[in-house]
Amino acid sequence: MSLFDADDEVESVLFVHREISVYRVPPMESMDGYKAAEWGLENPLWKGRIRVIEKESSGVVILLEDGQTGAPFARAPYSDQSTVQPVLDSSRYFVLRVQDPNTGSKAYIGIGFTDRAESFDFNVALQDYIKRKNAPAKLEEAATTSTAPKVDYSLKEGQTFRINIPGKKTSGTSSPAPAQSSASTSSGGPIPLLPPPPGGLRK
């Protein structure tokens, strides 16, 4: 095999952890999300290694493999953040959408880390990939905004503008009539002020 074989694509490892636990995920009972406490955490379905790898042609895929032999157990192409969903009751467990590479059928399984630091690093690796993936589109949007034609609001030679100030008359010297007090009746007499409510009196 040649060193420059076109079929031999470089693979980048974004994250690896030697042991995670896999669980069956029951149907979601609430639209709020999944809860790891409902999975039967004392009886995992499988244990093994997790790797997050990236290829330029196919993007990122999450691989669950046997820790000793490397035999594949499941894989999850990471297309967007819906591929990995956090649960409501723990930061160490996630719901993973796996996909059969032959049939394309999909299923949801639960994965769990023993250490919060490892689950944090796993989540950060995926978030960093999403940022890099979306960076070209954001740069293109910023470039489009910066090259948009600017509107010239400056006054041309000989142009003037007028500012109308509310309440100020443009002609005449008469002063406006004083406004009547709002505390008056239709007959012109003053309205008696009501005493404050009992709760407002100091004891």
Side-chain angles (χ1 to χ4, degrees), residues 1-41 43-141:
M1 180 181 294
S2 170
L3 178 62
F4 302 101
D5 193 338
D7 295 332
D8 206 17
E9 187 178 359
V10 176
E11 181 179 280
S12 301
V13 179
L14 305 183
F15 175 82
V16 60
H17 186 55
R18 63 182 181 275
E19 183 176 303
I20 63 164
S21 299
V22 172
Y23 304 90
R24 288 188 177 90
V25 176
M28 188 168 53
E29 296 182 355
S30 171
M31 294 304 296
D32 295 335
Y34 294 94
K35 292 183 179 180
E38 300 172 352
W39 298 352
L41 301 180
N43 297 313
L45 176 65
W46 179 86
K47 286 187 177 183
R49 180 178 64 192
I50 183 172
R51 288 196 303 145
V52 180
I53 64 173
E54 179 182 5
K55 291 185 178 181
E56 185 176 355
S57 62
S58 56
V60 166
V61 61
I62 302 170
L63 300 175
L64 305 183
E65 305 166 327
D66 185 277
Q68 300 296 328
T69 64
F73 173 77
R75 59 185 287 127
Y78 189 74
S79 55
D80 52 51
Q81 294 178 326
S82 64
T83 306
V84 180
Q85 302 179 42
V87 299
L88 300 175
D89 53 349
S90 176
S91 61
R92 296 187 292 113
Y93 297 89
F94 303 87
V95 174
L96 184 65
R97 184 181 64 203
V98 297
Q99 182 174 354
D100 190 312
N102 299 319
T103 64
S105 60
K106 300 177 182 179
Y108 291 90
I109 60 175
I111 61 173
F113 294 84
T114 56
D115 189 357
R116 285 186 175 85
E118 295 295 340
S119 66
F120 176 81
D121 292 343
F122 169 70
N123 202 26
V124 168
L126 298 178
Q127 291 178 357
D128 287 346
Y129 166 70
I130 290 295
K131 290 179 181 178
R132 288 189 289 106
K133 180 182 176 182
N134 296 335
K138 291 184 177 181
L139 289 175
E140 183 178 353
E141 181 181 356

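Keep in mind the model is a prediction, meaning the values are calculated, not measured. These numbers come from the heavy atoms of this one structure, side chains and all, not from hydrogens, waters or symmetry mates. Each residue takes its place number in the sequence, starting with 1.
- A distance of 6.5 Å separates CG in Leu64 from CD1 in Ile111, rounded to the nearest 0.5 Å.
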task = Could you walk me through whether Gln99 and Arg75 pass the side chain to side chain contact (heavy atoms under 4.5 Å, CB included) test, one step at a time?
result = CA-CA 6 Å; Gln99 182 174 354; Arg75 59 185 287 127; 5.8 Å; no
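- In terms of the side-chain contact (heavy atoms from CB on, under 4.5 Å) criterion, residue partners of Gln85 (sequence neighbours excluded) are, by chain and number, Tyr34, Val95, Tyr108.
- Identified under the ring pair (Phe, Tyr, Trp, His ring centres under 6.0 Å) test for residues 46-75, with sequence neighbours left out: Trp46-Phe73.
- Contact between Ile130 and Gln81 at its shortest, heavy atoms only, is CG1-CG, 4.4 Å.
- Shown here are the side-chain contact (heavy atoms from CB on, under 4.5 Å) partners of Arg24, two or more places apart in sequence or in another chain: Leu45.
- Between Glu38 and Glu29, the closest side-chain pair of non-hydrogen atoms falls below 4.5 Å.
- Using a 4.0 Å cut-off between charged nitrogen and carboxylate oxygen, Glu11 and Arg51 count as a salt-bridge pair.
- Leu126 CG to Asp121 CG: the interatomic distance, rounded to the nearest 0.5 Å, is 11.0 Å.
- The closest side-chain heavy-atom distance from Ile50 to Ile62 is below 4.5 Å.
- The pair Glu65-Arg18 does not meet the salt-bridge criterion, since no charged nitrogen lies less than 4.0 angstrom from a carboxylate oxygen.
- Ring orientation note: the planes of Phe113 and Phe94 are nearly perpendicular, at an angle over 60° on the 30°/60° scale.
- In Gln127, the CD atom is crowded: over 12 heavy atoms of neighbouring residues, nucleotides or ligands sit closer than 6.0 Å.
- Between atom CG of residue Leu14 and atom CD1 of residue Ile53 there is a gap of 9.0 Å, rounded to the nearest 0.5 Å.
- Heavy atoms only, all atoms of each residue included: Ser90 and Val87 are closest at O-CG2, 3.2 Å.
- Counting heavy atoms from C-beta on, the side chains of Phe122 and Val84 come closer than 4.5 Å.
- Here the OG atom belonging to Ser21 is positioned 11.5 Å from the CD1 atom belonging to Ile109, to the nearest 0.5 angstrom.
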ask   = Run the side chain to side chain contact (heavy atoms under 4.5 Å, CB included) check on Glu54 and Tyr129 step by step: do they pass?
value = CA-CA 9 Å; Glu54 179 182 5; Tyr129 166 70; 3.7 Å; yes
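- The backbone N or O of Ser79 sits less than 3.5 Å from a side-chain atom of Lys133, completing a donor-acceptor pair.
- Taking Asp32 as the reference, Ser30, Leu88 meet the side-chain contact (heavy atoms from CB on, under 4.5 Å) condition, with sequence neighbours excluded.
- Under the 3.5 Å distance criterion, the side-chain polar atoms of Asp89 are matched with a main-chain donor or acceptor of Ala36.
- Applying the side-chain contact (heavy atoms from CB on, under 4.5 Å) criterion to Ala71, with sequence neighbours excluded, gives Asp66, Thr69.
- Of the charged side-chain nitrogens involved, none lies within less than 4.0 Å of a carboxylate oxygen, so that Glu19 and Arg49 do not count as a salt-bridged pair.
- What you find for Trp39 and Pro26 is that their closest heavy atoms are CD1-CD, 3.6 Å.
- Residues passing the ring-ring contact (aromatic ring centres under 6.0 Å, His included) test with Tyr78, sequence neighbours excluded: none.
- When all heavy atoms are compared, the tightest approach of Ala125 to Phe15 is CB-CB, 4.1 Å.
- Taking every heavy atom of both residues into account, Thr83 and Ala76 meet most closely at CG2-CB, 4.2 Å.
- Defined by atom type and a distance below 3.5 Å, a donor-acceptor pair is missing between the side-chain atoms of Arg92 and Ser119.
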